Amino acid sequence: MFEIISNWVAAFLTLCIFSFLYKDNPFYKFAEYLFVGVTAGYTIPLTWEQAFIPYVYRPLFLQHNFILIIPAIIGIFYIFTFSRKLNWLSRYPIAFGMGTVGMGVPLSMHASVLVQMHGAMIPIENINTLLVFIGTVTILLYFYFSKAHTGTYGKVVKIGIWYMMIGFGASFGYTVMARISLLIGRIQFLVADVLHIIK
Amino acid sequence: MNIFERLQKLDRRWIFLVVAIAIILPLIFPFNSKTYTTEPTEKLYRLIDSYAPGPNEKPVEKDRAVLLCFTHDASTMPELFPMEIAILRHCFERKIKVFTITFIASAAPIMDYAINTVKEEFPEVKSGENYVNFGFKLGALQLPIILGMGEDIAEAVDIDAEGRKVSSLPIMKNIKNYNEMNLVMDFSGSSAGGAWITYARSKYGANVGVGVTAVMAADEYPYIQTGQITGMLAGLKGAAEYEKLVDVFAANPDPNKKEFSRELLKDPKWDNAITDKGIAYKFKQARIGMNAQSVAHIMIIVFILIGNIGYFITKYKQKQQQ
């Protein structure tokens, strides 16, 4: 029974969202605001249960691990972002956050730059590696702006533009596929789970 | 005003209607079509399948496991959920140890839903022995957990979604860190898999696979080329490919045909899955969806062609009038 009711509620909200395709209307707005509210409402108790209870309440009040008062207080500083007088305090927890980002810099350099560069510096053994070589060099030349894109240099750079256009085309094709997939998913839900036309 | 000029001024809502019909009809009247598998999907399948216990080996003793990380909410479910179902089915069918985790609150119910959907067909599969749901962990803990798993998974995760100590679970036998839980599969509609590449792969050498929405697929190919991503499922197409591989090998009733073989894959009988009543709808959802996808793509191509022809004819006529 619960599944039937929940499916019909979901079907109603799906149609509310689809109604925007005709024009903006109160049903669409209702579904949109409800989604935002439900997501926030769901996250708050989950964070309370998964963060505050195991990482603050239990160790501090039950296990008397008082050293945790320091990070807890620093965390509370976030709230001062709403105070004009004391909002400078909210920068301290942000500073700690930035520290952890810094920790990832060497590993990010390795994964996103060095290994990728190494991957581009392979011997030209076949047509694919030749295409990778031409594409990498001409695109890098395109982004070198200290020389005007004219003459022979401009022609070489144009090859880079073609490469990028093909890349954008592939991305756009995938994007169309993704958007259609979302519509397929919702229609599958309506015809299979709600109307039971397909099983 | 000729037909092309009229089409140029057509209300876009008519196009929405035609696309909707093009999608609804193939879903209501399913038909069989070929699903070709691509290398990134096959590589992923073969790696996961290599973690299956041997015929004389107890699944709980196996020293290999897969971690599935759900990094998405309901908005990308149509593309990612069929992938998750297909991989979980593969793992449950072949008794491969599987862990699930999420760092997004709204992904926690999706994770439960995916596990329960597949588990219905595998009553012998037990939580704590064949799989463990680590549950939702705070986003702020993502980095410490990813790094911590490189040393000791049970210590990094501590408790699972059911509140049990991970170290006390039978599934953890012979599983310590990324040396054993050797593949991390991240499902997302973004480049979230990058965190696993940066920390789990660069530092500990874990294999990383991604299941991404089609929008993100083009961004991931450079990482496949350099081998930093072992395999990828790209959008609904990737899910359909994986569904087929599971049907052909893992779910093959002949125990001698469970191993990947290109010859078996070529057999045309595997392309009749959509109308095969023996295969549950949930295990062929992506392939049915791909039929609708193909029809919609043809419609879009036709619209683009008509639109362009109309544009050039109108332009030509305007030029002549001048």
Side-chain angles (χ1 to χ4, degrees), chain A residues 18 21-23 35 38-39 42-47 49-51 54-55 97 100-101 103-104 106-112 114-120 122 128 132 167-192 195 197-199, chain B residues 12-13 16 19-20 23-24 27-28 30 73 75-79 81-82 105-106 108-109 135-138 140-141 143-144 158-159 189 194-195 197-199 201-203 213-219 221-223 225-228 234-237 277 281 285 288-290 292-293 296-297 300:
Chain A
F18 279 176
L21 292 172
Y22 184 69
K23 64 177 185 180
F35 175 72
V38 166
T39 307
Y42 180 74
T43 308
I44 291 166
L46 206 65
T47 309
E49 196 185 282
Q50 299 276 339
Y55 296 105
T100 58
V101 171
M103 193 179 82
L107 289 172
S108 296
M109 274 293 287
H110 174 80
S112 305
L114 299 178
V115 179
Q116 292 306 117
M117 273 171 66
H118 181 260
I122 44 176
N128 283 343
V132 170
F168 297 148
S171 288
F172 182 70
Y174 264 130
T175 305
V176 171
M177 185 172 153
R179 300 298 175 244
I180 296 284
S181 299
L182 298 183
L183 181 60
I184 290 168
R186 279 295 81 191
I187 292 175
Q188 274 183 324
F189 166 73
L190 291 175
V191 295
L195 300 173
I197 295 172
I198 45 173
K199 279 178 185 169
Chain B
R12 65 199 168 104
R13 284 174 288 198
F16 293 160
V19 171
I23 288 170
I24 292 168
L27 294 179
I28 296 176
D73 57 14
S75 64
T76 45
M77 261 180 88
E79 284 184 276
F81 194 68
S106 50
F136 163 64
K137 303 289 171 195
L138 286 176
L141 294 177
L143 191 53
D158 195 25
I159 53 165
I197 297 172
T198 305
Y199 299 105
R201 180 164 181 85
S202 297
K203 201 164 159 50
T213 52
V215 177
M216 289 308 300
D219 290 6
Y221 275 105
Y223 292 97
Q225 190 232 334
T226 52
Q228 294 204 84
L236 201 63
K237 172 78 169 72
K277 300 272 182 211
Y281 174 74
Q285 202 173 347
I288 294 172
M290 278 311 291
Q293 183 86 254
H297 281 190
I300 291 167

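Here is the naming used below: chain letters follow the sequence lines, and residue numbers restart at 1 for every chain. The structure presented is a predicted model; accordingly, all values stated were derived computationally and were not measured. All values below were derived from every heavy atom in this structure, side-chain atoms included, with hydrogens, water molecules and symmetry-related copies excluded.
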What part of [X] gets closer than 4.5 Å to chain B, counting heavy atoms only: side chain, backbone, both or neither?
X        : answer
A:Val191 : side chain
A:Ile122 : side chain
A:Tyr55  : side chain

List the atom of [X], the atom of [Y], and the distance in Å for their closest heavy-atom pair.
X        : Y        : value
A:Ser181 : B:Pro78  : O-CB, 3.5 Å
A:Gly104 : B:Thr198 : O-CG2, 4.3 Å
B:Ser106 : A:Tyr42  : CA-CE2, 4.1 Å
A:Gly119 : B:Thr226 : CA-CG2, 3.7 Å

Please state whether the side chain, the backbone, both or neither of [X] comes within less than 4.5 Å of a heavy atom of chain A.
X        : value
B:Phe136 : both
B:Leu27  : both
B:Ala296 : side chain
B:Gln228 : side chain

- Go through A:Leu107 and B:Lys203 one step at a time and tell me if the side-chain contact (heavy atoms from CB on, under 4.5 Å) criterion holds. CA-CA 8 Å; A:Leu107 289 172; B:Lys203 201 164 159 50; 4.2 Å; yes

Output the distance between atom [atom1] ([X]) and atom [atom2] ([Y]), rounded to the nearest 0.5 Å.
X        : Y       : atom1 : atom2 : answer
A:Leu182 : B:Ser75 : CG    : OG    : 7.5 Å
A:Arg186 : B:Met77 : CZ    : CE    : 8.0 Å
B:Asp73  : A:Phe35 : CG    : CZ    : 5.5 Å

Specify which of [options] makes the most heavy-atom pairs with chain A at under 4.5 Å.
options                               : value
B:Ala218, B:Pro222, B:Ala214, B:Ala20 : B:Ala214
B:Ala234, B:Pro109, B:Gly227          : B:Pro109
B:Ile197, B:Thr213, B:Ile28           : B:Ile28

- Neighbour count >12 (heavy atoms, 6.0 Å) for atom CE, A:Met103: yes

- Does any non-hydrogen side-chain atom of A:Ile184 lie less than 4.5 Å from one of B:Met290?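 In short, these two side chains do not touch, never coming nearer than 4.5 Å.
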
- Any chance you could lay out the side-chain contact (heavy atoms from CB on, under 4.5 Å) test for A:Gln116 and B:Tyr223, step after step, and finish with the verdict? CA-CA 7 Å; A:Gln116 292 306 117; B:Tyr223 292 97; 3.4 Å; yes

- Task: Determine, step by step, whether A:Leu21 and B:Arg12 satisfy the side-chain contact (heavy atoms from CB on, under 4.5 Å) criterion, reporting the C-alpha distance in whole Å, the side-chain angles of both residues, the deciding distance to 0.1 Å, and the verdict.
- Result: CA-CA 9 Å; A:Leu21 292 172; B:Arg12 65 199 168 104; over 6 Å; no

- Verify, without hydrogens or angle tests, whether A:Gln188 (side chain) and B:Gln285 (backbone) share a donor-acceptor contact under 3.5 angstrom. yes

- Query: A:Tyr174, A:Tyr22, A:Phe18: which one forms the most heavy-atom pairs within less than 4.5 Å of chain B?
  - Reply: A:Tyr174

- Query: For the candidates A:Ala178, A:Ala170, A:Ala120, A:Ala51, which exhibits the highest count of non-hydrogen atom pairs separated by less than 4.5 Å from chain B?
  - Reply: A:Ala178

- Message: Please evaluate residues A:Ile180 and B:Ile300 with respect to the criterion side-chain contact (heavy atoms from CB on, under 4.5 Å), reporting the C-alpha separation (whole Å), side-chain torsions for both, the decisive distance (0.1 Å), and the verdict.
- Response: CA-CA 10 Å; A:Ile180 296 284; B:Ile300 291 167; 3.8 Å; yes

